[in-house]
> 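One structure, as structure tokens, below. Some questions next.
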Amino acid sequence: MAKIDDKIQEFKKHLVTKEQRIKAEEEAKLLGTAMQQLLPEIFEDKRAIPNCFLRGALFGMVRKGRRALVKDEPIFTMSQYEVSFSGEHLDQNDLEVWDTLMYLAKDREVDNELRISLYDLCQQMRLSYNQERTKKLTERALRLKFGTVLIRTNTKIFAGSLINNVYIDTEGDGKLVIEYNKKLTPLFADNEYTLISADIRHLLGDNQLARWLYNFYESHAKPIPFAIDFIQKLCRSDNNSKDFKYKLKASLELIKKAKLAVNIKSKWSYEITTKNFLFVYPKGKTKKQLSLL
DNA sequence: GGGCTACAATTGTGTCGACG
DNA sequence: CGTCGACACAATTGTAGCCC
């Protein structure tokens, strides 16, 4: 038996290397820091969302009534990210709930958990309040908690829930209590996030594809031309390619209009080539781009 | 295949009044 | 402020179908 004890001791020593200790300290520091301090500076009506949430189908499109339950599903993303997901498929509305919660963490100077009434949350998301909505919102919150994400970037690995705990005291004050997952916050580091305009998103309304496209292209400073079927895979649309292309155009028009509504000087434009590639020009076509055509 | 429209079914949404 | 229920109706979606 002595042999086993020795081995255990050796193992423990191995655990408590200097490196491990520093990591533990960093972790304790992270968990001890107030949530609001971990989040990037945000401004009114802007939501900070990590890029890897925007560049793939983690928050994709979900057909009505066909939300799939998956386990360790690899999510098709941009090459530098490896993402897999377990849980119920998340859609754009789930993303909105999530980023609203993150925004509130910052705005209300939250330490660890947020207490909010569903009524208040509806107001924050510019939704009218009714019974159906409270049901959906709690569903979404629970879904965010249930879903487990594994994200592997060049420099970081994250595995965990998007929200640590959700708690509703239905007998008490009925408030929704959200406990944040602080280990998520490194995803915001190194400017690896994009500020998404809540105004524009609101203008895009319920058009899931338009919202996804808007998020996707906002996260790229210099958009690369993508093939349409590639985009379709990215956003997890199960339309046939014919319908998708049509919807894509309608969605892009909507984004264009929304951009103009918010900023009259917007020159945001797009183009679909004959070979079914989508070009997006955030600041309008440059002379160089025009000459290339 | 591609562009587009029409249509019906299904779902989501706003509103309003009531209550404490 | 916060919650609940009921209501009509608005929006979205898939499908079918048209023409090129």
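Proteins get letters first, then strands, A, B, ... in listed order; numbering begins at 1 in each. Computed from heavy atoms alone, side chains included, the values below leave out hydrogens, waters and symmetry copies. On a predicted model such as this, the values are computed, not experimentally measured, just so you know.
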> Using every non-hydrogen atom in the two residues, find where A/Lys259 and A/Tyr214 come nearest and quote the distance to one decimal.
CE-CE1, 3.8 Å

> Side-chain N or O of A/Lys247 less than 4.0 angstrom from OP1 or OP2 on C/dG14?
yes

> Below 3.5 Å is the cut-off: list the nitrogen or oxygen pairs between protein and nucleotides 16-20 of chain C, distance only.
unit_1	atom_1	unit_2	atom_2	d
C/dG17	O6	A/Lys242	NZ	3.4

> Got a donor-acceptor contact below 3.5 angstrom from the A/Asn181 side chain to the A/Ser161 backbone?
yes

> Would you call A/Lys182-A/Asp111 a salt bridge at under 4.0 Å N-O?
no

> Starting at CG of A/Leu252 and ending at C1' of B/dG3, how long is that distance when rounded to a whole Å?
16 Å

> Nearest of C/dG2, C/dT13, B/dC4 to any side-chain atom of A/Tyr246?
B/dC4

> Distance check needed: B/dG3 C1' versus A/Glu253 CD, whole Å only.
14 Å

> So A/Phe53 and A/Phe59, would you call those rings parallel, tilted or perpendicular, with 30° and 60° as cut-offs?
tilted

> Between atom CE in A/Met125 and atom C1' in B/dG12, what is the gap in whole Å?
14 Å

> Check which hydrophobic residues are tied to A/Val177 through side-chain heavy-atom contacts below 4.5 Å, counting indirect links as well, and list them.
A/Tyr167

> Separation of A/Gln131 atom CD from C/dC7 atom P, in whole Å?
15 Å

> Under 3.5 Å, side chain of A/Tyr180 to main-chain N/O of A/Leu101, donor-acceptor pair present?
yes

> Can you tell me which nucleotide in C/dC4, C/dT13, C/dG14 comes closest to the side chain of A/Gln208?
C/dT13

> C/dG2 C1' sits how many Å from A/Leu176 CG, rounded?
14 Å

> Would you mind reading off the distance between A/Ile228 atom CD1 and B/dG2 atom P, rounded to a whole angstrom?
9 Å

> A/Tyr217 and A/Trp268: aromatic ring centres closer than 6.0 Å?
no

> Might you point out which heavy atoms bring A/Ser197 and A/Lys46 nearest each other, and give the distance in Å?
CB-NZ, 3.9 Å

> Give the rounded distance in Å between these two atoms: CG of A/Leu204 and C1' of C/dT12.
15 Å

> Using whole Å, report how far NZ of A/Lys275 lies from P of B/dG2.
14 Å

> Would you say A/Gln92 and A/Asn215 are linked by a side-chain donor-acceptor pair, where the criterion is simply a distance under 3.5 Å?
yes

> Side-chain N or O of A/Asn276 versus OP1/OP2 of B/dG2: is the shortest distance under 4.0 Å?
yes

> Between the protein and nucleotides 13-20 of chain B, list every N/O to N/O distance that falls short of 3.5 Å.
unit_1	atom_1	unit_2	atom_2	d
B/dT13	OP1	A/Asp206	OD2	3.1
B/dT13	OP2	A/Arg133	NH1	3.3
B/dG14	OP2	A/Ser128	OG	2.8
B/dG14	OP2	A/Arg133	NH2	2.3
B/dG14	N7	A/Asn130	ND2	3.3

